[in-house]
Amino acid sequence: MLKFFHMRCISYFTLSEFCFQLYLCGYFVHKPVCTLVVDCPNKMTLPALQNTGVIYRRILSQFPQDISLAFAYGSGVFKQHGTSQGQMEKNMLDFVFAVDDPVTWHTMNLLQNRRHYSILKILGPTKISSIQNDYGASVYYNTLVPADGRIIKYGVISTDSLIDDLMHWKTLYVAGRLHKPVKMLVQNENGKLRAALVSNLKSAVMASFLMLPESFTEEELFLQIAGLSYAGDFRMKIGEDKSKVSNIVKDNIQHFRILYSNILRDCPQVVYKPPQGRLEVDKSPEGQFIQLMALPRTLQQRITKLVDLPGKNRDVEEILLQVAQDPDCGAMVHQGISSIVKSSSITQSIKGIATAGLWKTVSYSSKKLMKMWKGWKRKHVEVSLHLSRPIKPPMAAEETITFPEQD
């Protein structure tokens, strides 16, 4: 082996060149180091479509196998309100792959799937990984990729960046997608990553509690949770269906319930009544302070910037205690979340133009606009049908029903 490298390589070579040589020697040919968990039930793995495990396995087999976490999400995986089964099967399948070593992974993927990349492929795996990690939401997306009879989009993020987003909501980009039901496909034995996944769900619950009234329904909670990653997203104004959040939740209440029921039962801040589908949360200043202290670090920092006067530099704990007593506490939390999402959605979208290429960007954007138009049209039809229903006239005086007085 060493003799082989001595013959074929110069004295100094990059990691990507080294990996390329290993590939030529057969060292990276489909040697999985992860565990496939397609259709295996657990807290983070939810049922999506029946008998689709083979599709996901076939698609995953086309990529380098050193993936620490992989999941599928979106309207191609989970049915959304107003979408037929036929439409759903035509929708693009969205994936996210978390990898421990982005340079090595992109090196192998460029060898296997070079056509997936835009003109940036000429820069090589090291530069691609730098673009992935240093700009936007630390995700590199390849979109409108044909795979096994479907069109897919997949994002690549480093495992460390994913854990950081899950724990601290640095961008709320991938963490926000994991607030909603996803189809978990690969998950290795990384204890830190598993803990971060659960922490992300708990943070979503706490943030939602602060923005909801004292008493609310499960559906209201799930609508609040599902909307966290869209608060402040400029694409919700142009490019996304305005009913997107409600469409996600309406037909997937059971999936949300499976994802969050254990957290809600164990949370001392709420009284959870599953049979009635209702919850009551502690809205006292003390209760809200506990909830604020449980929020991710980045969100706490954004909230304190809204309150703390320049030059004061008070402790975060002191400021959050003040926020907990403010009647506009929920609005401050929402504003803090919006500031995180707005920043990451803009920078990631700009980055997406380069990673997808101009033609794919135009094609992808036009499909999004068409989807937004169809959503608006569907909502308009529903409103028109509601308004066209005949209004029952009031009963005539002689027909008015009266009840005898009680003794």
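All values below were derived from every heavy atom in this structure, side-chain atoms included, with hydrogens, water molecules and symmetry-related copies excluded.
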Can you find a pair of side-chain heavy atoms, one from [X] and one from [Y], that are under 4.5 Å apart?
X	Y	answer
L162	L166	yes
T83	S75	no
N247	K244	no
L223	I248	no
F71	V77	no
Y260	I225	yes
K250	Q80	no
P296	M167	no

Side-chain donor-acceptor pair present, [X], [Y], cut-off under 3.5 Å:
X	Y	answer
Q322	R314	yes
Q291	Q269	yes
S68	N188	no
K180	S229	yes
N133	S138	no
S130	D134	yes

How many angstroms lie between atom [atom1] of [X] and atom [atom2] of [Y], to the nearest 0.5 angstrom?
X	Y	atom1	atom2	value
L178	L69	CG	CG	7.0 Å
I122	L110	CD1	CG	12.0 Å
M206	M293	CE	CE	12.5 Å
L279	S208	CG	OG	11.0 Å

Okay, side chain of [X], backbone of [Y]: is any donor-acceptor separation there less than 3.5 Å?
X	Y	result
R115	V145	no
S284	G287	yes
Q112	T107	no
T298	H168	yes

Within [range] or reaching into it, pairs that qualify as salt bridge (charged side-chain N to carboxylate O under 4.0 Å, His left out) - sequence neighbours excluded:
range	result
residues 198-218	E218-R257
residues 272-282	K273-E280
residues 328-353	none

Problem - Contacts of type ring-ring contact (aromatic ring centres under 6.0 Å, His included), residue Y272, not counting sequence neighbours - result: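 Here no residue qualifies.
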Strictly by ring-ring contact (aromatic ring centres under 6.0 Å, His included), give each pair with a member in [range] just once, sequence neighbours left out.
range	value
residues 275-297	none
residues 131-163	F63-Y154, F97-Y154, H106-Y140, H116-Y154, Y117-Y140
residues 190-222	F222-F256

Give the minimum heavy-atom separation between [X] and [Y], together with the two atoms involved.
X	Y	answer
G136	T171	O-CG2, 4.4 Å
S345	F234	O-CE2, 3.4 Å
K283	L212	NZ-O, 2.8 Å
D326	M332	OD2-CE, 3.2 Å
K192	N190	N-OD1, 3.0 Å
D165	L172	OD1-N, 2.8 Å

Problem - Criterion side-chain contact (heavy atoms from CB on, under 4.5 Å) against I67, the qualifying member of T159, D100, L185, V99 - result: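 Option passing the side-chain contact (heavy atoms from CB on, under 4.5 Å) with I67: V99.
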Contacts of type side-chain hydrogen bond (donor to acceptor under 3.5 Å, both in side chains), residue [X], not counting sequence neighbours:
X	result
S203	none
S343	none
H179	N200
R58	D148

Problem - Which residues share a side chain to side chain contact (heavy atoms under 4.5 Å, CB included) with M211, sequence neighbours left out - result: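 Side chain to side chain contact (heavy atoms under 4.5 Å, CB included) check on M211 returns Q224, L228, V333, H334, I337.
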Handout entry: R177 vs V182, side-chain contact (heavy atoms from CB on, under 4.5 Å): CA-CA, chis, key distance, verdict
Key = CA-CA 8 Å; R177 277 146 184 77; V182 302; 5.5 Å; no
Handout entry: E317, CD atom: more than 12 neighbouring heavy atoms under 6.0 Å
Key = no
